[in-house]
Amino acid sequence: MAIIITDECINCGACEPECPNNAIYEAGVAWRWSDGTALTDDSEQAPVSDEFYYIVTDKCTECQGFHEEPQCAAVCPVDCCLPDEDHVETEEELLAKKARLHGE
Ligand code: SF4
Ligand code: SF4
């Protein structure tokens with residue numbers, strides 16, 4: 001499943017550079033499919049949160065194919081990067097998502 005950032009976030013920014021899919025954005029910043037991926041759509045998408053760092057669900061692979069565990073959760077000082085129960089995916093689905101994002 002994808003990971004979600006809760007409202008416990010203290011906006012420290014530690015997680016953002018750790019994401020292999022560039023799925024994490026600062027509050028209020030527009031996101032793009034093309035950021036950190038092989039996709040070519042560089043149109044600006046509406047921020048998911050104006051208050052806290054946020055994760056784009058469709059870009060989060062739970063770090064499958066890159067790392068043993070979600071890197072955002074590993075570095076977050078307040079443990080607010082949690083499994084998103086509304087977006088449960090199998091390992092196969094997450095690896096397929098990773099392949100789509102990175103053109104493999
Ligand atoms: Fe990015 Fe991995 Fe966190 Fe998903 S779990 S947002 S892919 S660092
Ligand atoms: Fe928020 Fe945790 Fe990311 Fe810091 S590491 S910005 S507290 S989610």
Side-chain angles (χ1 to χ4, degrees):
M1 64 194 81
I3 301 296
I4 193 169
I5 293 174
T6 74
D7 60 9
E8 303 286 311
C9 174
I10 58 171
N11 289 318
C12 73
C15 55
E16 185 182 5
E18 302 300 326
C19 181
N21 301 319
N22 210 320
I24 304 174
Y25 291 83
E26 189 174 358
V29 172
W31 66 273
R32 295 180 180 81
W33 287 106
S34 59
D35 291 338
T37 72
L39 303 177
T40 56
D41 183 353
D42 63 357
S43 59
E44 292 194 342
Q45 309 292 322
V48 175
S49 173
D50 289 326
E51 293 183 81
F52 308 104
Y53 273 74
Y54 68 87
I55 291 170
V56 177
T57 301
D58 289 340
K59 292 182 78 179
C60 175
T61 61
E62 218 180 303
C63 287
Q64 284 285 344
F66 292 103
H67 303 288
E68 292 288 311
E69 59 179 351
Q71 296 300 286
C72 50
V75 301
C76 181
V78 294
D79 292 333
C80 69
C81 300
L82 303 176
D84 183 353
E85 301 294 342
D86 291 333
H87 294 98
V88 177
E89 294 154 288
T90 66
E91 183 176 336
E92 286 76 24
E93 288 170 328
L94 290 166
L95 287 171
K97 188 195 275 189
K98 183 237 180 194
R100 279 197 306 277
L101 290 172
H102 297 281
E104 295 161 0

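We count ligands from 1, going down the list as the structure has it; atoms in each ligand are counted the same way. Quick caveat: nothing in here was measured; it's all calculated off a predicted structure.
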Item to check | Nearest-0.5 Å distance, CG of residue L94 to SG of residue C63 | outcome: 10.0 Å
Next on the checklist: Just to confirm my output: which protein heavy-atom neighbour is closest to atom 1 (Fe) of ligand 2, and how far is it?
Outcome noted: C9 SG, 2.3 Å
Checklist entry - Which residue and non-hydrogen atom of the protein lie closest to atom 4 (Fe) of ligand 2, and at what distance in Å? => result C12 SG, 2.3 Å
Checklist entry - Can H102 and N21 be counted as having a side-chain donor-acceptor contact under 3.5 angstrom? => result yes
Checklist outcome for this item: Counting from 1 in the order shown, the ligand 2 atoms closer than 4.0 Å to a non-hydrogen atom of G13 are 4 (Fe), 6 (S)
Checklist entry - Looking only at heavy atoms, what is the nearest atom pair of L101 and D58, with distance? => result CD2-O, 4.2 Å
Checklist outcome for this item: Heavy-atom nearest pair, E18 first then Q71, reads O-CB, 3.8 Å
Item to check | Numbering as shown, the atoms of ligand 1 that approach T61 to under 4.0 Å (heavy-atom distance) | outcome: 7 (S)
Next on the checklist: Please confirm whether V75 approaches ligand 2 to less than 4.0 Å, judged on its heavy atoms.
Outcome noted: no
Checklist outcome for this item: In this structure, atom 7 (S) of ligand 2 is nearest to the protein heavy atom I10 N, 3.4 Å
Checklist entry - What residue and heavy atom of the protein are closest to atom 2 (Fe) of ligand 2, and at what distance? => result C76 SG, 2.4 Å
Item to check | Minimum heavy-atom distance E8-C80, with the two atoms named | outcome: CB-CB, 3.7 Å
Checklist entry - Could you give the distance from SG (C76) to CD1 (I24), rounded to the nearest 0.5 Å? => result 9.5 Å
Item to check | Numbering as shown, the atoms of ligand 2 that approach V78 to under 4.0 Å (heavy-atom distance) | outcome: 7 (S)
Checklist entry - What closest approach, in Å, do I5 and C81 show between heavy atoms, and which atom pair accounts for it? => result CG1-SG, 4.1 Å
Checklist entry - What atoms of ligand 2 come closer than 4.0 angstrom to any heavy atom of Y53? => result 6 (S)
Checklist entry - Can you name the nearest heavy-atom pair linking D35 to K59, along with the distance? => result O-NZ, 2.9 Å
Checklist entry - Is it true that Y53 and L82 fall in one hydrophobic cluster, defined by side-chain heavy atoms closer than 4.5 Å? => result no
Next on the checklist: For atom 8 (S) of ligand 2, what is the closest protein heavy atom, and at what distance to 0.1 Å?
Outcome noted: C80 SG, 3.5 Å
Checklist entry - Relative to ligand 2, is I5 under 4.0 angstrom through side chain, backbone, both or neither, heavy atoms considered? => result side chain
Checklist outcome for this item: Atoms of ligand 2 under 4.0 Å from any heavy atom of P77, numbered from 1 in the order shown, are 5 (S)
Item to check | Y54 and P47, any side-chain heavy atoms less than 4.5 Å apart | outcome: yes
Checklist entry - Are L39 and V48 connected in the hydrophobic side-chain network, where two residues link if heavy atoms are under 4.5 Å apart? => result yes
Checklist outcome for this item: Heavy atoms of H87 and D84 approach each other most closely as ND1-OD2, 2.7 Å
Item to check | Polar protein atoms near atom 3 (Fe) of ligand 1 [N, O or S; cut-off under 2.8 Å] | outcome: C72 SG
